[in-house]
Amino acid sequence: MKKYIIFVLSFVTIINSGCRKTENFPIEPVITYESSVVNRDVSGKDSTITLVFSFTDGDGDIGLKQNETAAPFTGEFYYNLVMTYQEKVNGVFIPKLLPIQKDSITPSGDTIQIVIYEPLRFRYRMPFIESSGRIKAIKGTVSTEINTLGFSPSSRFEFFIYDRALHKSNVEFSSEIIIP
C-alpha cells in the first residue's frame with residue numbers, strides 16, 4: 001500500500017544579532033517537540049497533521065542548499081529531517097513496517113528476490129538557514145504538514161535532524177495524534 005504525503009516545511013528563525021545577549025548552544029543540533037494539530041478540510045474531514053518542533057544549533061549550520069547534493073550529502077545524509085511513523089498497537093507505539101522487495105545474492109551467486117520490512121519513514125531536506133551577523137548560534141521553529149491519508153486512528157512520530165557537519169540531534173517524539 002502506497003502512502004501519499006504532502007509536505008510543507010516552513011521556518012520561523014530567530015537569529016541572534018550583535019545587540020542581543022549571546023546564547024551558547026552546543027554545536028550539535030538540539031530539537032524539542034512543541035505541538036501537533038490535526039487539521040480538517042472544508043468538509044470537516046481530517047486532512048493533515050501539522051507537527052511543530054524547535055531547534056538550537058551553536059555553530060548555525062542547519063539546512064541544506066538545493067545544490068548541495070554531492071558527498072557528504074548523499075545516501076543517508078541527503079535528507080536532514082527524518083521522521084518515523086508509529087502506530088499504537090495494544091497500547092504500545094511501534095513503527096509501521098512496509099514490505100520492500102530487494103535483490104539478494106545466494107552463496108551460489110544466483111540473484112533472488114526477498115522481502116524485507118522497513119519502518120515507514122518520511123525524509124525531508126530542510127532549507128539552508130544562514131545567520132546574519134557575527135554570531136553563528138541560531139534557534140528557530142520548524143513546522144511540517146503531513147497528509148493523514150492511511151494513518152491509524154492513534155499514531156505519533158519519532159524524529160531527528162542532521163546539521164551540515166552531519167551532527168545528529170537528539171531524538172524526539174510527538175505526542176499521541178488521534179484521528180477520529
Legend entry - Common cluster, I105/I116, ILVMFWY with side-chain heavy-atom separation under 4.5 Å: no

Legend entry - In one Ile/Leu/Val/Met/Phe/Trp/Tyr side-chain cluster, 4.5 Å: Y124, I31: yes

Inset, instruction - Provide the closest heavy-atom pair for P29 versus D57 in the form atom of the first, atom of the second, distance. - result: N-OD1, 3.3 Å

Legend entry - Residues clustering with I94 (ILVMFWY side chains joined when closer than 4.5 Å, directly or via others): V89, V92

Legend entry - Under 3.5 Å donor-acceptor, T50 side chain and E145 backbone: no

Legend entry - Cation-pi check, R123 onto Y78 ring (under 6.0 Å, within 45° of axis): no

Inset, instruction - Measure across E68 and G63 and return the closest heavy-atom pair with its distance rounded to 0.1 Å. - result: OE1-O, 4.4 Å

Legend entry - Salt-bridge criterion met for K102 and E118 (N-O under 4.0 Å): yes

Legend entry - Exercise: identify the closest heavy-atom pair between R125 and Q66: NH2-O, 4.2 Å

Legend entry - Chi angles and distances behind the side-chain hydrogen bond (donor to acceptor under 3.5 Å, both in side chains) call for S155, E87: CA-CA 4 Å; S155 59; E87 295 180 330; over 6 Å; no

Inset, instruction - Work out which heavy atom in P72 is nearest to a heavy atom in F77; give both atom names and the distance. - result: O-CB, 3.3 Å

Legend entry - Check: D61 side chain, A165 main-chain N or O, donor-acceptor pair, under 3.5 Å: yes

Inset, instruction - Check the side chains of S154 and S152 for a donor-acceptor pair under 3.5 angstrom, ignoring hydrogens and angles. - result: no

Legend entry - Q101 and I114, any side-chain heavy atoms less than 4.5 Å apart: no

Legend entry - ILVMFWY network linking L98 to V82, side-chain heavy atoms under 4.5 angstrom: no

Inset, instruction - For the residue pair N80 and F73, establish whether any side-chain heavy-atom pair is separated by less than 4.5 Å. - result: no

Legend entry - Any side-chain heavy-atom pair of F53 and L81 under 4.5 Å: yes

Legend entry - Donor-acceptor contact below 3.5 Å, side chain E172 vs main chain Y33: yes

Inset, instruction - Treating Ile, Leu, Val, Met, Phe, Trp and Tyr as nodes and any side-chain heavy-atom pair under 4.5 angstrom as an edge, say whether M83 and F93 lie in one connected cluster. - result: no

Legend entry - K96 charged N/C atom sitting above Y85 aromatic ring, 6.0 Å / 45°: no

Legend entry - Given I161, I62, V30, the one that forms side chain to side chain contact (heavy atoms under 4.5 Å, CB included) with S169: I161

Inset, instruction - Run the numbers on S174 and R156 for side-chain hydrogen bond (donor to acceptor under 3.5 Å, both in side chains), then give the verdict. - result: CA-CA 6 Å; S174 71; R156 74 174 181 185; over 6 Å; no

Inset, instruction - Taking the side chain as every heavy atom from C-beta outward, state whether I100 and Y117 have any atom pair closer than 4.5 Å. - result: no

Inset, instruction - Drop me the distance from R164's CZ to D59's CG, to the nearest 0.5 angstrom. - result: 8.5 Å

Legend entry - Steps toward side-chain hydrogen bond (donor to acceptor under 3.5 Å, both in side chains) verdict (N39, T48): CA-CA 5 Å; N39 306 302; T48 62; 2.9 Å; yes

Legend entry - Candidate list K168, E76, E28, test side-chain hydrogen bond (donor to acceptor under 3.5 Å, both in side chains), partner Y162, passing option: E76

Inset, instruction - Report yes if some heavy atom in the side chain of I177 is under 4.5 Å from a heavy atom in the side chain of F157; otherwise report no. - result: yes

Legend entry - With D163 via side-chain hydrogen bond (donor to acceptor under 3.5 Å, both in side chains) - residues at least two apart: H167

Inset, instruction - Would you kindly confirm whether L120 and L51 end up in one hydrophobic cluster when ILVMFWY residues are joined by side chain heavy atoms under 4.5 Å apart? - result: yes

